[in-house]
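Counting starts at 1 for both ligands and their atoms, in listed order. In what follows, residues are counted from 1 in the order of the sequence shown.
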Amino acid sequence: MRGGADRHDEGPDDADARVGAPARSAAGLPGVGHAMAQAFERMGPRRSLRTLRLVNQDHGFDCPGCAWPEPPGERSVAEFCENGAKAVAEEATRARVTPAFFAEHSLTDLAGRSGHWLGRQGRIVEPMYRSPGATHYTPVGWDEAFRLVAAELTALASPEEAAFYTSGRTSNEAAFVYQLFVRMLGTNNLPDCSNLCHESSGTALTATIGVGKGSVTLADLEAADLVLVVGQNPGTNHPRMLSSLERVKRAGGSIVAVNPLPEAALLRFRNPQNARGLLGRGTPLADQFLQIRLGGDLALFQGLARRLLDAEDAAPGTVLDHDFIDAHSTGFDAFAEHVRTHLGDDEIAAVTGLAAAEIDELARRMLAAERVVVCWAMGLTQHAGAVATIQEVVNVLLMRGNIGRPGAGVCPVRGHSNVQGDRTMGIWERPTTAFLDALGAEFGFDPPRQHGHDVVDTIRAMRDGRVKVFLGMGGNFVAASPDSAVTEAAMRACRLTVQVSTTLNRSHAVTGEAALILPTLGRTEVDEQAGGRQQVTVEDSMGMVHASRGTLAPAGPALRSEVAIVCGLAAATLTAAPAGADSALARVDWAGLAADYRRVRGHISRVVPGFEDFEDRLGAPGGFALPHPPRDSRTFPTASGRAAFTVNDCDVPRVPPGHLLLQTMRSHDQYNTTIYGLDDRYRGVRGGRRVVFVHPEDLAERAIADGTHVDLVSVWTDGTTRRAESFRAVAFPTARGCAAAYFPETNVLVPLDSTAAGSNTPTSKSLVVRLEPTSPSPSPRRGDG
Ligand SMILES: Nc1nc2c(c(=O)[nH]1)N[C@H]1C(S)=C(S)[C@@H](COP(=O)(O)OP(=O)(O)OC[C@H]3O[C@@H](n4cnc5c(=O)[nH]c(N)nc54)[C@H](O)[C@@H]3O)O[C@H]1N2
Ligand SMILES: Nc1nc2c(c(=O)[nH]1)N[C@H]1C(S)=C(S)[C@@H](COP(=O)(O)OP(=O)(O)OC[C@H]3O[C@@H](n4cnc5c(=O)[nH]c(N)nc54)[C@H](O)[C@@H]3O)O[C@H]1N2
Ligand SMILES: [Mo]
């Protein structure tokens with residue numbers, strides 16, 4: 001199978017990368033310099049300084065960069081990072097995508113452009129319509145746009161023939177009215193970016209501790225005496241987390257990094273928020289670096305669990321927290337029996353690529369630590385065995401009572417700035433009965449009970465003609481989803497696709513027969529409604545809810561807020577519902593909700609637990625914490641009322657001879673599918689993205705010289721292959737047998753059916769691939785970067 005986003009790149013994006021040595025530390029002055037250069041280029045100096053001053057301040061807006069929490073109280077003037085500045089600049093850019101632009105560029109033209117080029121065209125400022133089969137978008141009024149959507153939705157044989165995607169920047173208020181609209185329409189087809197992201201974490205944590213969210217606060221993390229950072233690259237993706245890790249070190253704690261790549265920031269961090277970090281050598285962060293093979297983490301944690309059991313046998317009563325295990329957990333005996341008898345040392349060594357002595361050392365650190373936090377991100381969640389792996393992490397923490405007390409716990413580090421809040425607001429294809437009951441009681445209707453489609457199932461349903469209308473609340477569904485060729489064909493098979501967006505991306509170019517682009521305000525912009533100037537709210541990765549108020553003038557006068565767009569769509573669609581439909585549907589005052597978001601928050605306060613007195617509590621500096629029973633009172637809302645030890649089998653992909661495991665990851669110059677630039681500074685790559693990092697000995701074994709161009713060919717168990725063309729092989733100190741390349745270019749390689757058991761998340765971090773050289777000799781540019 002061929003095709004997808006990677007085939008159409010042109011211009012500078014396809015240029016050969018220049019490759020130099022990877023960095024040995026992260027941030028410091030270069031980080032500040034890069035942040036300012038990006039901001040000045042896109043926003044100009046005055047706008048940059050004015051805007052960046054307000055990021056993550058009590059009276060400013062929440063950084064659209066990531067979901068890492070803001071420290072309470074003592075915020076530094078610049079509570080943002082290099083990559084937050086890039087995210088702000090992307091939104092606050094002065095470039096505009098106007099109707100004249102769309103008159104000039106056909107859909108075919110746009111589909112031939114790279115993601116980098118599309119994003120750089122700037123902010124979309126008018127609603128645009130592609131009438132069925134048309135070659136170009138043309139301007140359309142808002143009322144007409146709403147009428148077009150309503151006509152398609154009400155013409156469907158069933159509401160199940162529509163799907164409503166959400167990316168994670170949508171505010172709580174917009175998410176709440178959105179899911180209300182969709183459920184009043186009659187479906188739970190609410191796929192979201194979580195399905196591609198931390199779904200495995202939510203699934204594993206709900207099964208074991210009863211809450212699908214992390215159990216630590218920022219204070220807990222900083223009070224830990226051992227922090228494991230597993231499958232995460234915070235130097236690029238959560239730079240403000242490094243300040244917390246630095247504080248862990250200053251307080252005498254230690255840090256262990258578990259990663260196939262020696263990510264620069266995990267090794268040494270120069271904090272740009274203080275003079276020492278700006279100019280000095282910085283703080284060495286990781287006390288131990290375990291260079292694990294892709295997908296080896298479950299075996300590592302089982303090896304660790306066995307060592308803890310052995311230590312308990314040697315000195316009974318000194319290792320395990322028997323009081324906790326007896327009073328608060330189930331399943332310990334079966335778990336211990338399994339760990340003792342399941343994986344042998346040889347298997348663990350083969351799967352992890354780690355020496356037994358390395359795991360011994362980690363076990364000693366665990367035994368010496370009273371308070372342990374494990375942090376993780378996509379390196380754990382995007383594997384076939386992701387849910388089992390995260391459950392094994394929980395097992396190891398439960399053994400010594402490391403959940404539900406200060407300084408200890410689980411810390412899945414979320415991606416999008418409000419992805420966790422969107423889920424709390426009901427953006428979920430598998431809502432709980434309790435949530436639906438509360439929603440139905442508040443609005444006097446009977447919400448649909450049948451579970452809906454997640455992302456992968458939505459693609460299958462569009463491909464098979466079972467879903468005909470797609471609406472994307474932000475994001476870039478086409479480029480972010482797996483199996484690009486399949487996803488693109490699925491999208492093109494729809495009758496109507498609608499994107500609510502800030503900037504241009506591939507999902508505007510690869511559309512259904514008819515398509516709409518509805519341009520929306522970003523987080524940085526003033527949101528003026530009939531009821532006055534509005535604020536919205538977000539929830540960070542640690543369950544803190546706070547307000548966000550935009551301050552910049554909107555990118556154009558025609559832009560509408562996400563809340564206003566949803567309410568407009570709902571008013572047009574639900575009142576047009578056929579006679580006999582539940583009359584409650586027509587009773588919601590959508591215009592009133594859009595006029596004053598306090599009304600939306602009023603509804604949220606009565607539907608979503610933890611939001612009682614929402615409006616009043618918003619005033620507190622730094623916001624308020626949502627309840628988390630395991631953290632707050634060591635109560636576990638599982639079926640048994642206790643935390644569950646689980647038995648997990650090790651399931652790693654079989655790698656045939658000559659093949660490698662490939663992970664698809666982020667460079668330092670991208671935000672998911674938004675490509676800011678073509679460098680990956682910390683990994684020593686400049687000016688190009690089509691690179692594949694491979695261990696020098698794995699290259700030598702294949703007689704592929706560093707710098708050779710190769711096609712990446714993924715092989716799937718059904719015998720199909722998928723190809724991404726022309727990547728420069730880069731000799732890199734990754735774990736043996738493993739390779740790494742950037743997404744979204746490599747999404748063409750991810751088979752739609754290759755997903756994690758239990759969470760259905762695509763296995764973007766473990767693809768079986770082979771390298772097929774396309775150029776006989778290496779190109780000569782190595783080392784000049
Ligand atoms: N600047 C910037 N910030 C972002 C984003 C962005 O694109 N740009 N994206 C946001 C989003 S939505 C998310 S979800 C997060 C993503 O944050 P990350 O999860 O840090 O992002 P990835 O680039 O996917 O990096 C995965 C890391 O896990 C490691 N890894 C891969 N496989 C394995 C494995 O099997 N075991 C172990 N132990 N490690 C492994 C990789 O080497 C890499 O260091 O970042 C958020 N923040
Ligand atoms: N191969 C591979 N694939 C992956 C991953 C991987 O590691 N490897 N990671 C996965 C992960 S973790 C995630 S979260 C997904 C991300 O999937 P998405 O969230 O769908 O993708 P993004 O690239 O973050 O979306 C960017 C677009 O969002 C729009 N946007 C930005 N801000 C706003 C806003 O405030 N409002 C609205 N309405 N629109 C806005 C802009 O138009 C922009 O082009 O990708 C997933 N895909
Ligand atoms: Mo994500």
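The option from L196, N237, V230, L661 that lies nearest to atom 45 (O) of ligand 1, judged by heavy atoms, is N237. Nearest to atom 15 (C) of ligand 1 by heavy-atom distance, out of H238, M378, K86, R169, is H238. The nearest non-hydrogen atom to atom 42 (O) of ligand 1, considering only V652, N259, L290, L228, comes from N259.
When each atom of ligand 2 is checked for a heavy atom of N747 under 4.0 Å away, the hits are 1 (N), 2 (C), 3 (N). Less than 4.0 angstrom separates some heavy atom of H416 from each of these atoms of ligand 1: 12 (S). Against a heavy-atom cut-off of under 4.0 Å, Y165 is close to the following atoms of ligand 2: 17 (O), 18 (P), 19 (O), 20 (O). For ligand 2, the atoms lying closer than 4.0 Å to a non-hydrogen atom of E562 are 34 (C), 36 (N), 37 (C), 38 (N). Applying the 4.0 Å criterion to heavy atoms of S167 picks out, from ligand 2, the atoms 18 (P), 19 (O). Shown in contact with T673 at under 4.0 Å from a heavy atom are these atoms of ligand 2, numbered in order with element: 22 (P), 23 (O). The ligand atoms of ligand 1 that sit less than 4.0 angstrom from a heavy atom of M665 are 23 (O). The distance from ligand 1 to the heavy atoms of L294 drops below 4.0 Å at these ligand atoms: 31 (C), 32 (N), 33 (C), 35 (O). Each of the atoms 37 (C), 38 (N), 39 (N) of ligand 1 lies under 4.0 Å from some heavy atom of V258. Here is the list of ligand 1 atoms found below 4.0 Å of a heavy atom in E263: 42 (O), 43 (C), 44 (O). Taking every heavy atom of G295 and a limit of under 4.0 angstrom, the matching atoms of ligand 1 come to 34 (C), 35 (O). Which parts of ligand 1 touch C197 is read off a 4.0 Å heavy-atom cut-off, strictly below it: atoms 14 (S). For ligand 2, the atoms lying closer than 4.0 Å to a non-hydrogen atom of G474 are 37 (C), 38 (N), 39 (N).
By the 3.5 Å distance cut-off applied to N or O atoms, H383 is counted among the residues near ligand 1. Residue R293 places no N or O, backbone or side chain, under 3.5 Å from any N or O of ligand 1. Where the criterion is an N or O separation shorter than 3.5 Å, residue side chain and backbone included, A480 meets it with respect to ligand 2.
Heavy atoms of N505 found under 4.0 angstrom from ligand 2 belong exclusively to the side chain. For T520, every heavy-atom contact with ligand 2 shorter than 4.0 Å involves the side chain, none the backbone. Heavy atoms of I292 found under 4.0 angstrom from ligand 1 belong exclusively to the side chain. Neither the backbone nor the side chain of H198 has a heavy atom within less than 4.0 Å of ligand 1. When heavy-atom distances to ligand 1 are checked against a 4.0 Å cut-off, K765 comes that close only through its side chain, counted from C-beta outward. Residue contacts with ligand 1 for D297 involve side-chain atoms from C-beta outward but no N, CA, C or O (heavy atoms, distance under 4.0 Å). If you look at Q382 next to ligand 2, the close heavy atoms, those under 4.0 Å, all belong to the side chain.
A side-chain contact (heavy atoms from CB on, under 4.5 Å) with T755 is found for exactly one of T761, N760, V455, namely N760. Of the residues listed (T236, N233, N237), the one engaging H668 in a side chain to side chain donor-acceptor pair (under 3.5 Å) is T236, and it is the only one.
Remark: distances from the non-hydrogen atoms of T746 to ligand 2 are all 4.0 Å or more. In this structure, R666 has a heavy atom closer than 4.0 Å to ligand 2.
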